[in-house]
Amino acid sequence: MKTLIKVCGITSAEDALLAANLGADFVGLIFAESSPRRVTPERAADIVRVLRTMKGAKPWTIGVFQDESPDKILEILKAARIDCAQLHGTESPSVCNGLTVPTIKTVTYRPGMDPADLIQTLRAYHPAVNPMIRFVLLDLPKGEKFSVEDQQKFLQPLYDKILKDVPHFLAGGLTPKTVGDFVQRFRPNGVDVASGVEKGPGVKDRDKLHAFCDAVRSGHEVPA
C-alpha cells in the first residue's frame, strides 16, 4: 500500500491545486490562532470550493484545530465543507469521538517524554477503540539536537512495540531530502509536510513539493 501524502499549512487555492496535481492525498487548512499558516473560515471555504472543481481524484481537506471547542470545530467544518478534522492539542479521545466526523489526532513528542508514556498515549488514541479517529499523527522530535538518524533511532522501538499496528502519519521536519529514507525504512501509512516544502510560512515551493512527492513514491521502490 502506498504512503499517503498530506500537505499542511495551505493558505491559497493556487497551492492547494499544486499539491493536488502533484499527488497529495490530503491538504491541511490550519485554524489554530498561534500558527503563521492560519486561514480564516472564509479563505478555507474558497480553497475547498476551487478543489471541488478539479477533474479527477480530489484530495481530502483537513481542518487543523488546537484545543478549540467542539461546537466551533463543527461549525467551521460545515461552513467550509471540509472533510475531516485534525486535533493538534490536548483533546481527549472522548472529544475526538464526540465530533462525529473523521478525525486525525496529533500526538506530539515533548522533550524528555518517557517512551512508555508515548506508547500509552498512542494506545489511548488507537483507531481500533476510537470510532471517529482514522489516523494518529506522530509529531517527531525535531531541532538541532535531533538529526534524521536520531529521529529514526527514536522511531524504531515505537514501530517494534506499537506503530506497525496503528494507522498513522509521520510528521516533524520532513523534507524532500529525508522523507524517502523514512518511507523506505518504516513504510508509514502517511507522511505530513508543511515547512519542509515552503518558500515562507504558508507559501509552498513548487520544486520542493514536487521533489517531496517524488521522494515518497521512490521510497517504495527500494525494499524495506
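Only a predicted model underlies this, so the values are computations on that prediction, with no experimental measurement involved.
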By side chain to side chain donor-acceptor pair (under 3.5 Å), which residues pair with [X], not counting sequence neighbours?
{"X": "Thr108", "answer": "none"}
{"X": "Ser195", "answer": "none"}
{"X": "Glu33", "answer": "none"}
{"X": "Asp205", "answer": "none"}

Within the side chain of Gln151, is there an N or O that forms a donor-acceptor pair under 3.5 Å with the backbone of Gly172?
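Yes, because the side chain of Gln151 sits within donor-acceptor range (under 3.5 Å) of the backbone of Gly172.
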
Indicate yes or no for a side-chain donor-acceptor contact from Thr53 to the backbone of Val50 under 3.5 Å, with no hydrogens or angles considered.
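At least one qualifying donor-acceptor pair exists.
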
Close side-chain approach of [X] to [Y], heavy-atom, < 4.5 Å:
{"X": "Leu22", "Y": "His210", "value": "yes"}
{"X": "Pro141", "Y": "Asp150", "value": "no"}
{"X": "Ile104", "Y": "Leu87", "value": "no"}
{"X": "Leu138", "Y": "Leu155", "value": "yes"}
{"X": "Leu29", "Y": "Val48", "value": "yes"}

Could you walk me through whether Asp139 and Asp192 satisfy the side chain to side chain contact (heavy atoms under 4.5 Å, CB included) test, starting with their C-alpha distance in whole Å, then the side-chain angles of each, then the deciding distance to 0.1 Å, before giving a yes or no?
CA-CA 9 Å; Asp139 195 7; Asp192 176 282; over 6 Å; no

Side chains of [X] and [Y]: donor-acceptor distance under 3.5 Å anywhere?
{"X": "Asp181", "Y": "Thr178", "value": "no"}
{"X": "Gln86", "Y": "Thr103", "value": "no"}
{"X": "Thr61", "Y": "Asp83", "value": "yes"}

Between side-chain atoms of residues 65-81 and protein atoms elsewhere (two or more places apart, or another chain), which donor-acceptor pairs fall under 3.5 Å?
unit_1 : atom_1 : unit_2 : atom_2 : d
Asp67  : OD1    : Thr90  : N      : 2.8
Asp67  : OD1    : Thr90  : OG1    : 2.9
Ser69  : OG     : Lys72  : N      : 3.2

Contacts table for residues 11-20: side-chain donor-acceptor under 3.5 angstrom, sequence neighbours left out:
unit_1 : atom_1 : unit_2 : atom_2 : d
Thr11  : OG1    : Gly202 : O      : 2.6
Ser12  : OG     : Asp15  : N      : 3.1
Asp15  : OD2    : Lys204 : N      : 2.9

Test salt bridge (charged side-chain N to carboxylate O under 4.0 Å, His left out) on Asp46 and Arg43; report intermediate values, then the result.
CA-CA 5 Å; Asp46 288 341; Arg43 171 65 67 85; 5.4 Å; no

Sequence neighbours left out, what pairs pass ring-ring contact (aromatic ring centres under 6.0 Å, His included) with at least one residue falling in residues 75-95?
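Listed by first then second residue: nothing to list.
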
Any ring-ring contact (aromatic ring centres under 6.0 Å, His included) pairs touching residues 153-185, not counting sequence neighbours?
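Pairs touching residues 153-185 that pass the test: Phe26-Phe169, Tyr109-Phe154, Phe135-Phe169, Tyr159-His168, Tyr159-Phe186.
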
Under the salt bridge (Lys or Arg N to Asp or Glu O under 4.0 Å) test, residues paired with Asp25 that sit two or more places apart
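Lys2.
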
Excluding sequence neighbours, so at least two apart, what forms side chain to side chain contact (heavy atoms under 4.5 Å, CB included) with Pro127?
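With neighbours one apart ignored, the set is Ile133, Val136, Val166, Pro167.
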
Using side chain to side chain contact (heavy atoms under 4.5 Å, CB included) as the criterion, list what pairs up with Asp117, not counting sequence neighbours.
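Residues passing side chain to side chain contact (heavy atoms under 4.5 Å, CB included) with Asp117: Asp114, Gln120.
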
Salt bridge present between Lys105 and Glu91 (N-O < 4.0 angstrom):
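Yes, this pair counts.
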
With side-chain hydrogen bond (donor to acceptor under 3.5 Å, both in side chains) as the rule and sequence neighbours excluded, what pairs involving residues 122-137 come up?
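Output for this query lists Asn97-Asn130.
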
